[in-house]
K.L.:
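I'd like to ask some things about the structure below.
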Amino acid sequence: MTRIFSGIQPSGKPTIGNYIGAMKQWVELQEDSPDSQLIFSIVNLHAITVRQDPDQLQERTFDMIAWLLALGIDPDQGNAKIMVQSTVPAHSELAWILDNYTTIGELNRMTQFKDKTAGQKPEGLLVGLYNYPVLMAADILLYNTDIVPVGDDQIQHIELTRDIASRFNNLYKEVFVIPKGQIVQTGSRIMNLQDPSKKMSKSSDNHLSYILLEDPPEQVNKKIKKAVTDQYNQVVYHPATQPAISNLINIYRGFNGDLSIEAIQKRYSGLGYGQFKQDLAELVADTLADLQTRYRSFREDQAMLGRVVAEGKEHCQQLADQKLDQVKQLIGLI
Ligand code: AMP
Ligand code: TRP
């Protein structure tokens with residue numbers, strides 16, 4: 001049996017970057033690997049590493065569950081579960097234990113922390129934000145996870161998880177499975193529509209820089225029309241020299257996996273950016289409109305969402321407590 005685990009923060013509304021890099025892959029894994037056990041976590045303890053409005057955090061936690069259901073994650077089907085991180089205390093407990101098997105040198109190398117805190121004085125930075133990769137390691141290691149499907153910004157955190165797990169195993173015994181990260185072939189890093197040198201992020205201040213799964217067709221059209229392009233007016237995939245159009249091609253592929261990059265280039269050869277952008281906007285807007293209809297019907301059913309949370313908690317608590325007990329015993333905690 002293969003265990004697959006991944007997580008998403010309820011720190012904003014999901015973007016097409018989350019969808020293409022992570023969530024779409026999760027649904028495909030659920031369908032393609034019926035013998036695997038999958039857990040998808042709404043990681044609200046990670047979200048509080050940046051100050052959140054309490055009511056909004058709670059709403060967004062349910063929003064995110066409804067999005068996973070709308071995309072096709074089906075906890076009733078048997079092999080996939082959705083869980084909310086804060087409902088299983090073992091995540092926080094194991095994180096504290098693993099803090100004592102992780103060095104400051106390792107955390108200092110984490111590029112996401114460096115990027116998020118660039119230009120700020122270290123004295124004012126929050127310890128939780130710094131420590132965030134250790135909590136992520138705990139999430140993964142509690143469930144004997146083999147595969148962690150993520151966007152490429154999380155690969156360094158998974159490498160750290162592997163190092164922490166190996167260190168612990170070497171000191172005591174083989175208690176942790178060493179997990180592997182898995183990224184999609186194209187689209188593992190969807191870039192900001194206004195600045196293709198930056199990742200598309202749901203917490204960006206510039207709403208033109210991202211497309212949300214909940215954006216209506218007018219917004220999708222506007223954002224794609226206004227997306228920056230390169231100077232050549234040719235639909236060519238070359239991320240190093242033509243990053244903006246290459247990013248739009250990745251988005252196209254994320255929404256229509258049947259066309260290869262070569263086929264897209266061929267289809268738009270000689271047509272310039274205008275036609276390509278128009279077709280892309282239509283493709284994205286149509287796909288999102290269908291998803292939004294599904295989303296709304298799940299989001300309205302609060303009783304059902306509550307049930308998903310309760311069932312996810314029950315399923316995961318058992319597994320997590322077992323692993324935590326083994327760990328505590330190994331290091332002499334009663
Ligand atoms: P987050 O929004 O940080 O909770 O990320 C949830 C998942 O989406 C992680 O697997 C990320 O790697 C992935 N992800 C976030 N932003 C992007 C992006 N711009 N392109 C591809 N994957 C992304
Ligand atoms: N840190 C991840 C992100 O921001 C979210 C996350 C938390 C996660 N725990 C995880 C992803 C465990 C995969 C596995 O995207």
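All values below were derived from every heavy atom in this structure, side-chain atoms included, with hydrogens, water molecules and symmetry-related copies excluded. Read the numbers this way: they start at 1 and go in the same order the structure lists the ligands and their atoms.
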K.L.:
Nearest to atom 20 (N) of ligand 1, what protein heavy atom do you find, and at what distance?
P.N.:
I190 N, 2.8 Å
K.L.:
When you measure from the heavy atoms of G187 to every atom of ligand 1, does any distance fall below 4.0 Å?
P.N.:
yes
K.L.:
Nearest 0.5 Å, please: how far is CD1 in I39 from CD1 in I140?
P.N.:
11.5 Å
K.L.:
Among Q9, K116, H157, H46, whose side chain to side chain donor-acceptor pair (under 3.5 Å) with Y132 holds?
P.N.:
Q9
K.L.:
Going by distance only, is there an N or O of Y132 that falls short of 3.5 Å from an N or O of ligand 2?
P.N.:
yes
K.L.:
Check this for me: Q58, atom CD, are more than 12 non-hydrogen atoms of other residues, nucleotides or ligands nearer than 6.0 Å?
P.N.:
no
K.L.:
Geometry only, no angles: is Q154 polar-contacting ligand 1 at N/O separations under 3.5 Å?
P.N.:
no
K.L.:
Would you please classify the geometry between the H91 ring and the Y143 ring as parallel, tilted or perpendicular, with 30° and 60° separating the classes?
P.N.:
tilted
K.L.:
Suppose we measure from atom 10 (C) of ligand 2 to each protein heavy atom; which comes out shortest, and what is that distance?
P.N.:
M136 CG, 3.5 Å
K.L.:
Classify the contact between K202 and ligand 1 as side chain, backbone, both or neither, using a heavy-atom distance cut-off of under 4.0 Å.
P.N.:
side chain
K.L.:
Which residue and atom name correspond to the protein heavy atom nearest atom 11 (C) of ligand 2, and how close is it?
P.N.:
G7 N, 3.4 Å
K.L.:
What part of S188 sits under 4.0 Å from ligand 1 if we count only heavy atoms: the side chain, the backbone, both or neither?
P.N.:
backbone
K.L.:
Is there a polar contact, in the sense of an N or O pair closer than 3.5 Å, between G151 and ligand 1?
P.N.:
yes
K.L.:
Report, in ascending order of atom number, the atoms of ligand 2 lying under 4.0 Å from any heavy atom of D139.
P.N.:
7 (C), 9 (N), 10 (C)
K.L.:
Stepwise, does the side chain to side chain contact (heavy atoms under 4.5 Å, CB included) test hold for L125 with F113?
P.N.:
CA-CA 10 Å; L125 299 177; F113 178 76; 3.9 Å; yes
K.L.:
What protein heavy atom lies closest to atom 3 (C) of ligand 2? Include the residue and the distance to one decimal.
P.N.:
Q154 NE2, 3.2 Å
K.L.:
Report the nearest protein non-hydrogen atom to atom 12 (O) of ligand 1: residue, atom name, distance rounded to 0.1 Å.
P.N.:
D153 OD1, 2.4 Å
K.L.:
Would a single hydrophobic cluster contain both V84 and L319, if residues Ile, Leu, Val, Met, Phe, Trp and Tyr are joined by side-chain heavy-atom contacts under 4.5 Å?
P.N.:
no
K.L.:
Looking at ligand 1, is there an atom of it that comes within less than 4.0 Å of some heavy atom belonging to I8?
P.N.:
yes
K.L.:
Please confirm whether M191 comes within less than 3.5 Å of ligand 1 when only nitrogen or oxygen atoms on both sides are compared.
P.N.:
no
K.L.:
Mark yes or no for whether N256, through its side chain, and Y252, through its backbone, hold a donor-acceptor pair below 3.5 Å.
P.N.:
no
K.L.:
Inspect the contact between E214 and R299 and indicate whether a charged nitrogen and a carboxylate oxygen are less than 4.0 angstrom apart.
P.N.:
no
K.L.:
Using a 3.5 Å cut-off on N or O atoms only, is Q9 in polar contact with ligand 2?
P.N.:
yes
K.L.:
Name the one of Y19, W67, F5, F40 that satisfies ring-ring contact (aromatic ring centres under 6.0 Å, His included) with W26?
P.N.:
F40
K.L.:
Given side chains that start at C-beta, do those of V148 and T161 come closer than 4.5 Å, heavy atoms only?
P.N.:
no
K.L.:
Can you confirm, on distance only, whether ligand 2 has an N/O atom lying under 3.5 Å from any N/O atom belonging to Q112?
P.N.:
no
K.L.:
Answer with side chain, backbone, both or neither: which part of Q85 has a heavy atom less than 4.0 angstrom from an atom of ligand 2?
P.N.:
neither
K.L.:
When only distance counts, is D153 in polar contact with ligand 2, meaning an N/O pair under 3.5 Å?
P.N.:
no
K.L.:
Check ligand 2 against V148 and write out every atom of the ligand that is under 4.0 Å from a heavy-atom position of the residue.
P.N.:
13 (C), 14 (C)
K.L.:
Taking all non-hydrogen atoms of both residues, which atom of P133 and which atom of M110 are closest, and how far apart?
P.N.:
CG-CG, 4.0 Å
K.L.:
Among all protein heavy atoms, pick out the one at the shortest distance from atom 3 (O) of ligand 1; state its residue, atom name and that distance to 0.1 Å.
P.N.:
Q9 NE2, 3.7 Å
K.L.:
Check the pair V27 / I73 against side chain to side chain contact (heavy atoms under 4.5 Å, CB included), numbers first and verdict last.
P.N.:
CA-CA 6 Å; V27 181; I73 300 295; 3.9 Å; yes
K.L.:
What atoms of ligand 1 come within less than 4.0 Å of a heavy atom belonging to G21?
P.N.:
21 (C), 22 (N)
K.L.:
Would you mind running through ligand 1 and noting each atom that sits below 4.0 Å from a heavy atom of V150?
P.N.:
10 (O)
K.L.:
Nearest protein heavy-atom contact for atom 22 (N) of ligand 1: which residue, which atom, what distance?
P.N.:
G17 O, 3.3 Å
K.L.:
With a 4.5 Å limit on heavy-atom distance, are the side chains of T186 and I249 in contact?
P.N.:
no
K.L.:
Which one holds for L135 and ligand 2: side chain close, backbone close, both close, or neither close, with close meaning a heavy atom under 4.0 Å?
P.N.:
neither
K.L.:
Which bit of R189 gets closer than 4.0 Å to ligand 1, counting heavy atoms only: side chain, backbone, both or neither?
P.N.:
backbone
K.L.:
Note the single closest protein heavy atom to atom 15 (C) of ligand 1, along with its residue, its atom name and the distance in Å.
P.N.:
N18 ND2, 3.2 Å
K.L.:
Around atom 7 (C) of ligand 1, find the nearest protein heavy atom and jot down its residue, atom name and distance.
P.N.:
A22 CB, 3.7 Å
K.L.:
Are side-chain N/O atoms of T2 and D146 paired as donor and acceptor at under 3.5 Å?
P.N.:
no
K.L.:
Does ligand 1 come near enough to M200 that some N or O of the ligand is less than 3.5 Å from an N or O of the residue?
P.N.:
yes
K.L.:
Within a 6.0 Å radius of atom CD on Q185, are there more than 12 heavy atoms belonging to other residues, nucleotides or ligands?
P.N.:
no
K.L.:
Nearest 0.5 Å please: distance from the NZ atom of K81 over to the CG atom of D74.
P.N.:
9.5 Å
